[in-house]
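In what follows, a single structure is set out as structure tokens and then discussed.
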Amino acid sequence: MEKTFTPSDIEQSLYKTWEEQGYFSPTGEGDSYCIAIPPPNVTGSLHMGHAFQQTIMDTLIRYQRMQGKNTLWQTGSDHAGIATQMVVERKIAAEEDKTRHDYGRDAFIDKVWEWKNESGGTISKQMRRLGNSIDWSRERFTMDDGMSEAVQEVFVRLFEDDLIYRGKRLVNWDPKFHTAISDLEVENKDKKGHMWHLRYPLADGAKTAEGHNYLVVATTRPETMLGDTGIAVNPNDERYKDLIGKHVLLPLVNRLIPIVGDDHADMDKGTGCVKITPAHDFNDNEVGKRHNLPLINIFDHDAAILTTAEIYDTKGESSDAYSTELPSEFAGLDRFVARKAIVAKFDELGLLVEVKEHDLVAPYGDRSGVIIEPLLTDQWYVRVNKLAGPAVDAVKDGQIEFVPKQYENLYFSWMRDIQDWCISRQLWWGHRIPAWYDQNSKVYVGRTEEEIRAKYDLADDIKLSQDDDVLDTWFSSALWTFSTLGWPKQTEDLKTFHPTDVLVTGFDIIFFWVARMIMMTMHFNKDENGKAQIPFKKIYMTGLIRDENGDKMSKSKGNVIDPLDMIDGISLEDLLIKRTGNMMQPKLAKKITKLTKKEFPNGIESHGTDALRFTLTSVATTGRDISWDMKRLEGYRNFCNKLWNASRYVLMNTEEQDCGRSTAGTDITETNLELSLADRWILGQFQQTVKTVHEAFDTFRFDLASQALYEFTWNQFCDWYLELTKPVLFNGTEAQQRGTRNTLVTVLEALLRLMHPIMPFITETIWQRVVPLSNFAPALNEDGSCSIMVQEFPQFNQALCDTQAIDDLEWVKQFIVAIRNIRGEMDISPNKPIPVLLKNINEQDQRRLDNNSQFLSALAKIESIEILADNDNGPASATAVIGDLSILIPMAGLIDKEAEIARLNKAIDKLTQDAQRTRGKLSNEKFVSKAPEAVINKEKAKLVEAESTLQKLVEQKAQIAIL
RNA sequence: GCCCGCUUAGCUCAGUUGGUUAGAGUACUUGCAUGACAUGCAAGGUGCCGCUGGUUCGAGUCCAGCAGCGGGCACCA
């Protein structure tokens, strides 16, 4: 073995072997355990969040596989309607100077598939690098035939159940992408803007209470006035209530529109008069419905002013309530250009009262970044409130459990006032809506045109045309857990693996995906008793990985980190190219370059997959935010190296040596193998670690599992146990050496299995060398090969916890630490052997001393140990106290008097304070009468101990002081 | 405006049902080529546990209020 662990030497070939051996596939034996991956977007590449979640999923899967479960990690990607269409549109624009319309729908879709087949594999390559034990043969894509069939089936059935409907309603229209988007895809952002006060003349000589012949409305969107069909005032507003039922003459279009009384108008806001534009504002739309006001659409799909308006009644039918005429001077103007022009016109007519600075909230498309326009269009909707009930109950009654639990609140609060879900998208890339129209726009929903013709008995000469729109990508993602398993066919896989066991995901998609998945799954999947089946039993919500400054990682900020760069390393130059190349906003490049140079002046070093995974599990706490810390990664790379070198030591001392390995049929007997105290101690400590790791995995506390593994490996196995084996291996008897060698390989072999779910590569590599030396009988392949990943996970065994060995060894450690401590503080070289005198030795100490003098001498570098007679205070010495025992190191020539007095003073001060505090507690009558006895006894014992030690130290100090 | 979360060592974070002297990594100080490892070894210092009050024999932990930070929802003519 090399002196330093080099991950790149082993990772990729190991993964290839595992994959070829078929270890990732379900075994078909044992209870099932299934995780469906949140499908990454096909246009994307892995970021730290993916690496984080996938490490957790793989750790769970590997753990359960080793526990004997029939494990399936179902993977795939989603087709990401808008994102993918954009990528391909940009590509053909750049390469061929063409638009998708130049291609036409079918040819464009072919082009998208072509792109997907070329570039869609990026993520799966990255996932392999993370070591994910995924059954690749079952990889799915939301646009695959099977998945499309499921989507179509769901749509048709929901329609038949009256849970899907089509309607002309206001939607969030993205004028850049020319499609509707759902509420969830709208981001409301604060913005500085203006408030315009406009004067609308009253009709028929009406006057306000103040005697004006006009009303003033306040608006942030003056351009929409072309679509106004009413003015709302509060019915209790003394200023205007008498005008209710009267009309104003809308300027520029000379439209007579009514003044209505509605609580929506707030007397304290603006002027108290609200212009009502039902076709261009969600609130106005509600007001319009209440007062039966017509809807006048004035925008085209680019959000530019139409030449002639479209007028509808509140049922969405065409209406001739008003003239469709619009002022020609604004026709074709973009909404923001139109705004200026209309304000200017009002000004010109003397109807602009004032303009105020105003802070407002504007809706932006989360992908396009442009302001969303409420627009009246025909769209398909899911009646979500009917589906939400069972989905809420499933969480309420504990069938589905959120981990950590607090996320339930977020889920409930969203489900409580859930809006109907607009599922149609005006895109080409996606699942086409299975609805057809005849020449009279009558709609038919079915799986195919043939099915519809048969079902509705339509003559061949009736022309049907399919709806042009596609479904929201999340519509297909909502079916993910069951559609990937073969639904609507009732497959064996579906029976075996559904409901899945756990969903691992970020809390940011709890509404987009998690809630919708629960609703859809429960509606379409019933168990044999007809009870709704849930998609997963647990939802483990991970935190969000942020950069070192706590900022969210995003492309535009240029602070994203590719997990592969953590694994392989990257130079500063390449990192800069990666971050600033191919940017949507090149002007940010300078800032990003500066930031990157500051954060990674020397690029990123290589750390290996295992170190990355260990880091990720270590930060998997219950918190919501995780600030990425390169120092942590570095620390865990060192940890891998530590494990590597500890293993080197074990192998150097065991390979080609007699390790007391039991051969078939022969048990280890005490005659050929003798375990030292250290051996028995480490076996017990290891069992405790096994227990902790099980508990941690079972409760999703991956940080605690990592911590336990780290602590055991470094602080117990390496720092103490390996050191304690040296005296035995170098000077012990045959049987002692055999016993220690046996323990070395036993513990290391099992430790590797215990760590394997988190660190798959390094553990497999070392394990292959260690297992032939150990007693462990691995499950073998036909060709005699084997892999750690399909071996049994270590189980806690109480019988191996030798409590006396643990107590005794703790004493040995204290003894050694006490002497090292004096060495350290007194500047005595660790190389210099020193004589030690013992005072006040009791029987137990004597026994421990007799049994372990080899350990003590070796680890504390002791020259000699002499026991003082009861009445002998010994020479002037530096002192440490363990229980009754005083350990003396004669000062002669080694130790400075003042230094030792100072050291003793420090210890005495501390002990005095402790004793004082404890004495205080015990003299508090309330404490003594109310605290549990165990606590009181503990305090008493503590006081006795402190006083005894204190007394010894004080005596010692006095003795030195008189020198 | 409503709801949720966070605040612990210089930094990043643990801290179970309240119970010894609040921990880890990292950083820092000192010493060390000792036979697995300098990506190392040994020793060491490091804390108004955000603030205020309450409950309790006892509070980092439970309760209330406040402050700061973050998130979600709603409103915004």
Side-chain angles (χ1 to χ4, degrees), chain A residues 1 3-5 188 195-197 217-221 232 264-266 269-277 281 283-284 358-361 404 406-407 409-410 413-414 416-417 507-508 510-511 544 548 550 605 607 611 618-619 621-632 634-653 699 701 703-704 707 710-711 715 718-719 722-723 726 730 817 820-831 861 910-911 913-914 917-918 921 924-932 934-936 938-939 941-943 945-946:
Chain A
M1 282 171 92
K3 210 170 162 182
T4 306
F5 172 52
N188 291 306
M195 173 88 82
W196 288 269
H197 288 214
V217 296
T219 180
T220 55
R221 300 209 53 199
H264 170 67
D266 186 331
K269 272 189 193 153
T271 60
C273 301
V274 191
K275 64 193 261 321
I276 301 299
T277 324
D281 182 283
N283 286 309
D284 291 5
H358 185 66
D359 296 330
L360 57 114
V361 180
Q406 77 236 21
Y407 289 109
N409 289 327
L410 195 61
S413 71
W414 189 69
R416 205 175 299 130
D417 37 33
F507 63 88
D508 48 336
I510 190 165
F511 311 135
L544 230 57
E548 315 220 357
E605 279 183 52
H607 296 85
S618 297
V619 297
T621 63
T622 56
R624 238 176 17 182
D625 295 311
I626 294 154
S627 300
W628 182 254
D629 183 358
M630 289 302 293
K631 290 286 178 196
R632 268 323 265 266
E634 210 176 301
Y636 294 126
R637 179 190 60 178
N638 296 350
F639 177 61
C640 291
N641 194 55
K642 187 76 180 174
L643 175 66
W644 184 258
N645 275 289
S647 305
R648 270 182 74 212
Y649 170 81
V650 173
L651 292 169
M652 281 164 74
N653 287 290
T699 53
R701 287 303 302 268
D703 59 325
L704 299 181
Q707 198 187 22
Y710 186 100
E711 208 272 338
N715 303 123
C718 293
D719 285 352
L722 294 189
E723 294 306 319
K726 287 176 184 172
F730 301 155
V817 167
R820 283 178 178 171
N821 181 310
I822 292 172
R823 268 188 201 277
E825 297 203 18
M826 295 299 130
D827 268 338
I828 303 171
S829 160
N831 296 323
K861 197 96 181 172
K910 204 173 175 213
L911 274 169
Q913 278 177 28
D914 289 349
R917 191 175 14 240
T918 311
K921 267 191 184 177
N924 181 343
E925 201 185 313
K926 284 179 178 169
F927 174 73
V928 180
S929 61
K930 290 193 176 176
V935 174
I936 295 170
K938 245 187 203 171
E939 291 293 313
K942 186 180 134 193
L943 183 60
E945 170 91 30

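Lettering of chains follows the sequences in order, A, B, ..., and the numbering in each one begins at 1. Computed from a predicted model, the values in this text were never measured in an experiment.
- The gap from the C1' atom of A64(B) to that of U17(B) amounts to 22 Å, rounded to the nearest Å.
- Taking 4.0 angstrom as the limit, R823(A) places none of its side-chain polar atoms (N or O) nearer than this to OP1 or OP2 of G44(B).
- Both V361(A) and V817(A) lie close to RNA chain B; mapped to their nearest nucleotides by heavy-atom distance, the more 5′-ward contact belongs to V817(A).
- In this entry the distance linking CG of D508(A) with C1' of C4(B) reads 16 Å, nearest Å.
- Put simply, K3(A) has a side-chain N or O that comes within less than 4.0 Å of OP1 or OP2 on A38(B).
- Distance from the side chain of D703(A) is smallest for A14(B) among the nucleotides C57(B), A36(B), A14(B).
- Within the structure, a side-chain polar atom (N or O) of N821(A) is placed less than 4.0 Å from OP1 or OP2 of G44(B).
- Here, C76(B) and C63(B) have their P atoms 36 Å apart, quoted to the whole Å.
- When the P atom is compared between C48(B) and A22(B), the two are found 13 Å apart, to the nearest whole Å.
- In this model, the phosphate group of C32(B) is not approached by any side-chain N or O of N831(A) to a distance below 4.0 Å at OP1 or OP2.
- Around atom NZ of K642(A), more than 12 heavy atoms belonging to other residues, nucleotides or ligands sit under 6.0 Å away.
- The backbone N or O of D284(A) lies less than 3.5 Å from a partner atom in the side chain of D281(A), making a donor-acceptor pair.
- For the P atom pair drawn from C6(B) and C62(B), the interatomic distance equals 9 Å after rounding to whole Å.
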